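Quick caveat, the model's predicted, so the values are computed rather than measured. Note that the numbering runs from 1 along the sequence shown for the chain. Whatever order the structure lists ligands and atoms in, that order sets their numbers, starting from 1.
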Amino acid sequence: MILILSLGLLILLHGASSTSPPGQILQTHPLLLEPSCNDSRVLSMAGFALEKINEDRKEGYIFRLNRVADVREHHQAGSGSVYYLTLDVVDTNCHVLSKKNWKDCEIGKFFKSIYGQCKAIFYSNLPRRILYLPAYNCTIRPVSRRELATLCPDCPVYITNFSDPRIFQTVSEFLEKINKETTVGKKFHLFKVTKVLTYWVMGPSYSVEFLVTESPCNESLPDQCLQPPADAQPVGICAGSVNRKALPKYVFGTCEFFQSQPTSAPESYSPEHQVPQKMASSTDAPPLEGPKGSVQFLPDPSVGKIEDDKEKKPNVTFPAHVSLTTEPLGEVLHLPSHFLLEKEELPIVLPFPEGSRSNECPGPAEHPNSLILPP
Ligand SMILES: *[C@@H]1O[C@H](CO)[C@@H](O)[C@H](O)[C@H]1NC(C)=O
Ligand SMILES: *[C@@H]1O[C@H](CO)[C@@H](O)[C@H](O)[C@H]1NC(C)=O
Ligand SMILES: *[C@@H]1O[C@H](CO)[C@@H](O)[C@H](O)[C@H]1NC(C)=O
Ligand SMILES: *[C@@H]1O[C@H](CO)[C@@H](O)[C@H](O)[C@H]1NC(C)=O
Ligand SMILES: *[C@@H]1O[C@H](CO)[C@@H](O)[C@H](O)[C@H]1NC(C)=O
């Protein structure tokens, strides 16, 4: 009851400010609440925000929420709140193109993890059925190679330079195997390498993950396949490796195919018709009003450091910043046109609150491993 009353009061205050002349807005300085980072409502908002971040991304692997690092909430006139979220995330085994929900994706082995932090501005108005992510920015890094070397000297190491010809060789050998054994009427081709780990088995070996595209083959002459069209899209992701110590060498791995578009049945594949159709639908559709944001990939800070400053842990920082305004009192947040809100109900967005953490933050981590938790 008390909560409902105080909410009512806030709504009245904001209602008053939005109709008063601009000079008077100063009197109702925006009130930022500091809910707990373990609050169930905060956790569900963080989950929705992360879903929308993953949906917006075009490359990399789906992020899973490890913990809510910080949160501020700003109640809005009418109903709804704007949340300023700082989320600690870890990447998973699912590529973003799989379009899975992060809750269905598990994080990989700690040595192959990429982890980091996202800042997000998120507007929720449940009575109006609005969950909207206007902006985000994330910074991610691979797990520190130096820390891994002490903890697990034999663990595979994540590498970011994909130009080593042995990586391409591993991809070719793996593709040759799946094209020979598992495909009928089509052939898979490399689209893009997405992750490489190297480990030592009597010499460097590579475990590679890569997106594949496909092209049709003549069913009566399976060796006659077309080249994939220049605008071919990835259809799946493969992870494979080659054990060169075995005789004959042993090629192993798996591929997972993305859910096809609802319009294209996988059995009736006809690229001549499918490609122009897809292009037509994307140009006819209204421009999507997606969030503003990006993911910045920073290198492992311990790579290239000299051995003797070993005791001093390098400062690992995740400098993600997000901002929709620099106006201290905020600005009206304009929503995409399909959200129907009265003008006076439009939320106010403030500069992202930086500085000290809220008292009951960070929340508990799902994986409290310091290797994959931002400081
Ligand atoms: C990546 O690796 C290739 C071959 O090993 C090397 O020639 C190239 O200089 C490397 N690039 C970077 C940016 O380290
Ligand atoms: C497959 O190859 C045969 C023999 O060259 C040819 O007659 C046939 O038209 C080809 N089929 C397709 C679908 O291209
Ligand atoms: C590392 O962090 C400390 C404390 O946060 C700071 O004083 C120091 O300048 C930082 N060092 C580097 C190299 O950034
Ligand atoms: C995200 O970060 C970049 C680089 O710091 C910055 O230029 C951009 O404005 C940020 N995006 C938003 C929406 O704040
Ligand atoms: C977080 O909340 C859950 C359930 O509400 C509770 O069981 C748990 O002890 C809380 N954890 C912390 C660290 O407060």
Side-chain angles (χ1 to χ4, degrees), residues 34-47 49-50 52-53 55-58 60 63 65-72 82-89 116-123 132-142 145 157-171 193 195-198 203-206 208 288-300 302-305 317-327 330-331 333-336 347 349-354 357-369 373:
E34 298 190 359
S36 159
C37 279
N38 193 29
D39 178 274
S40 62
R41 196 168 36 97
V42 168
L43 289 172
S44 76
M45 293 304 151
L50 193 56
K52 301 205 178 281
I53 291 173
E55 262 170 37
D56 186 58
R57 295 171 55 214
K58 306 287 180 293
F63 294 150
L65 183 64
N66 196 6
R67 71 177 178 192
V68 176
D70 202 5
V71 59
R72 295 289 190 285
V82 174
Y83 292 87
Y84 299 88
L85 297 161
T86 305
L87 309 176
D88 289 343
V89 299
Q117 200 162 65
C118 294
K119 292 205 167 142
I121 300 177
F122 189 66
Y123 172 57
Y132 175 54
L133 175 81
Y136 70 93
N137 251 340
C138 306
T139 307
I140 54 172
R141 294 178 181 277
R145 193 190 280 204
V157 171
Y158 184 90
I159 59 175
T160 46
N161 180 355
F162 298 161
S163 49
D164 189 316
R166 286 170 294 191
I167 295 171
F168 185 70
Q169 193 189 350
T170 305
V171 170
V193 174
K195 191 174 268 195
V196 180
L197 289 146
T198 173
S205 290
Y206 297 92
V208 293
L288 282 174
E289 297 165 278
K292 294 192 192 105
S294 62
V295 176
Q296 194 189 4
F297 185 90
L298 295 181
D300 173 355
S302 69
V303 169
K305 290 278 155 65
T317 55
F318 294 86
H321 298 287
V322 69
S323 176
L324 288 169
T325 179
T326 48
E327 184 56 51
E331 277 177 41
L333 176 66
H334 291 284
L335 299 180
V349 65
L350 301 171
F352 198 97
E354 301 284 354
R357 250 175 196 163
S358 163
N359 278 338
E360 289 175 81
C361 289
E366 181 184 41
H367 299 280
N369 180 340
L373 266 184

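Annotation for Tyr158: atom OH counts as buried by contact number, over 12 foreign heavy atoms lying within 6.0 Å.
Polar contact with ligand 1: present for Ser163 (N/O pair, distance under 3.5 Å).
Shown here for Ile159 and Arg145, the closest heavy-atom pair between the two residues is CG2-NH2, 3.9 Å.
Considering only residues two or more places apart in sequence or on other chains, Pro336 meets the side chain to side chain contact (heavy atoms under 4.5 Å, CB included) condition with Tyr132, Glu289, His338, Phe339. Taking Arg166 as the reference, Asp164 meet the salt bridge (charged side-chain N to carboxylate O under 4.0 Å, His left out) condition, with sequence neighbours excluded. Glu331 pairs by the salt bridge (charged side-chain N to carboxylate O under 4.0 Å, His left out) definition with nothing, not counting sequence neighbours.
A salt bridge does not link Arg357 with Asp70: none of the charged nitrogens is closer than 4.0 Å to a carboxylate oxygen. Ion pairing between a basic and an acidic side chain is recognised when a charged N comes within 4.0 Å of a carboxylate O; Glu366 and Arg67 show no such pairing.
Taking every non-hydrogen atom of Asn38 and a distance limit under 4.0 Å, the qualifying atoms of ligand 5 come out as 1 (C), 2 (O), 3 (C), 8 (C), 10 (C), 11 (N), 12 (C), 14 (O).
Every protein residue with a heavy atom nearer than 4.0 Å to ligand 4 is included here: Ala135, Asn137, Lys292, His321, Val322, Ser323.
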